[in-house]
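Read the structure below first, then the notes.
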Amino acid sequence: MSAFTPDDPLPAIEVDGAVDSETVRELLLEGAGAGSVLTLSNQDLPGPWASAGQPVETLESVPEDCIDGVLAVQGFTTVPVRPRMGQIARVLRIGGWFGLAQSDHTCTFAGLQLGGWTGRERRALDAALLAAFPHQRGAVVEELIWEAREQGLRPTRLHLGFAHRQVGAGDLDDYLREGPAAGIPGPLDRITAAAGVTLADRYAEAWKEATAAGPVTVSTPMVVLAARRVARDPLAPVAGRPRRLPLLAEPIRSPRPEAERAIMDALGRHRRHWDDLVAGTRSESRRERQGSA
């Protein structure tokens with residue numbers, strides 16, 4: 001079953017693109033046009049973003065089919081995807097535009113080595129760091145795209161990349177204390193609340209040792225998605241052509257719309273980039289440990 005139709009045109013797709021703030025802003029506002037625009041965000045937006053539309057925290061009181069555009073900047077960090085995406089589709093006029101920029105915080109990776117930690121301690125640490133994201137379990141990037149289409153929002157642009165941050169000794173305390181969005185505590189407070197102060201202290205000490213040798217790169221996957229409202233009701237799933245079995249000469253999997261195949265391929269490439277990033281960092285760290293032994 002598919003949320004895409006055979007008539008869906010291919011969106012513009014870029015994998016491993018730049019996700020600096022200016023690039024993201026240009027992508028989101030590209031072709032947005034004038035009219036009534038609402039901006040959803042769970043963080044304070046800088047001037048250029050704030051002027052892009054009327055900031056709102058919720059869409060529940062907004063009437064149906066009355067808004068020309070909705071802009072969401074990190075607007076899915078603390079809320080479940082499906083209800084909010086449904087509200088966005090509900091308030092947009094047919095032909096209205098939707099743009100989002102969202103980081104996948106559950107897939108944030110830091111080139112930090114935890115020497116002497118047991119597997120149980122590492123699992124406790126991972127669980128503590130993810131506890132602040134109850135609505136993001138797994139690949140939120142994929143979920144955002146599929147859910148948008150199911151709600152009648154047809155993707156027109158997909159821009160996938162990584163936000164990289166260099167954390168050095170001078171700004172380590174800020175990194176450990178500040179959260180990724182409003183309402184979410186920083187790493188140390190998350191670990192303390194979920195696993196206790198002892199584990200938090202060890203985590204802070206590991207960071208101090210790592211940054212003493214130089215900056216540590218923290219990488220977070222990010223998606224920029226632009227879409228148009230093309231249906232008033234959620235899209236009914238489209239099934240592939242029925243096949244009789246057994247016909248082993250034919251593919252077993254039903255065909256998928258071309259737009260969906262292209263997006264799936266892009267997501268797969270983006271995920272492989274993430275896997276390569278993690279594997280490369282770990283290999284480099286192993287070489288460093290062997291060299292110092």
Side-chain angles (χ1 to χ4, degrees), residues 19 21 41-46 57 73-81 84 102-141 143 162-222 274-275 277-293:
V19 293
S21 58
S41 178
N42 65 352
Q43 60 187 19
D44 293 333
L45 300 178
E57 295 183 1
V73 182
Q74 305 292 359
F76 290 85
T77 303
T78 58
V79 298
V81 171
R84 170 152 286 188
Q102 181 65 48
S103 299
D104 194 344
H105 299 290
T106 61
C107 292
T108 293
F109 176 77
L112 175 69
Q113 294 304 307
L114 301 174
W117 289 53
T118 66
R120 183 174 182 178
E121 289 171 332
R122 291 171 186 267
R123 289 191 295 272
L125 176 65
D126 289 340
L129 289 172
L130 294 179
F133 307 101
H135 305 299
Q136 293 189 17
R137 285 292 179 264
V140 70
V141 168
E143 183 183 2
F162 293 89
H164 301 292
R165 174 176 179 177
Q166 295 288 315
V167 179
D171 57 355
L172 175 59
D173 188 64
D174 289 340
Y175 171 75
L176 293 177
R177 293 294 181 184
E178 66 186 24
I184 296 182
L188 280 188
D189 290 332
R190 275 182 268 160
I191 297 169
T192 301
V197 67
T198 300
L199 199 66
D201 287 344
R202 291 187 62 192
Y203 183 71
E205 188 60 33
W207 267 101
K208 290 178 182 178
E209 293 178 359
T211 54
V216 174
T217 300
V218 180
S219 302
T220 303
M222 188 172 185
W274 186 86
D275 291 338
L277 175 69
V278 173
T281 302
R282 288 176 176 168
S283 297
E284 182 179 347
S285 297
R286 282 196 296 271
R287 289 193 296 270
E288 291 177 353
R289 292 199 304 272
Q290 292 169 356
S292 62

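Only heavy atoms go into these numbers, but all of them, side chains included; no hydrogens, no water, no symmetry mates.
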Beyond-backbone contact of D173 with W207, side-chain heavy atoms, under 4.5 angstrom: no

Side-chain touch L114/L125, heavy atoms, less than 4.5 angstrom: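 A side-chain contact exists here, since the closest heavy-atom pair is under 4.5 Å.
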
What are the two closest non-hydrogen atoms of [X] and [Y], and how far apart are they?
| X | Y | answer |
| --- | --- | --- |
| T211 | V216 | CG2-CG2, 4.0 Å |
| W274 | C107 | NE1-O, 2.8 Å |
| A132 | I184 | CB-CG2, 3.8 Å |
| D104 | T220 | O-CG2, 3.6 Å |
| Q102 | G75 | OE1-N, 3.3 Å |
| P180 | P185 | CD-O, 4.1 Å |

Residue pairs, two or more places apart or on separate chains, that pass salt bridge (Lys or Arg N to Asp or Glu O under 4.0 Å) and touch residues 106-128: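 Residue pairs passing salt bridge (Lys or Arg N to Asp or Glu O under 4.0 Å), neighbours aside: E121-R202.
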
[atom1]-[atom2] distance between [X] and [Y], expressed to the nearest 0.5 angstrom:
| X | Y | atom1 | atom2 | value |
| --- | --- | --- | --- | --- |
| F109 | D275 | CZ | CG | 11.0 Å |
| T198 | I191 | OG1 | CD1 | 12.0 Å |
| T77 | H105 | OG1 | NE2 | 4.0 Å |
| D201 | L188 | CG | CG | 8.0 Å |

Q113 (side chain) donor-acceptor with A210 (main chain) under 3.5 angstrom: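 Judged by distance alone, no pair lies under 3.5 Å.
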
From L112, V218, L176, residue fulfilling side chain to side chain contact (heavy atoms under 4.5 Å, CB included) relative to V167: V218

H164 and F162 aromatic ring geometry - parallel, tilted or perpendicular at 30°/60° bounds: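 Aromatic pair F162/H164 classed parallel.
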
F76 vs E143, side-chain contact (heavy atoms from CB on, under 4.5 Å): CA-CA, chis, key distance, verdict: CA-CA 11 Å; F76 290 85; E143 183 183 2; over 6 Å; no

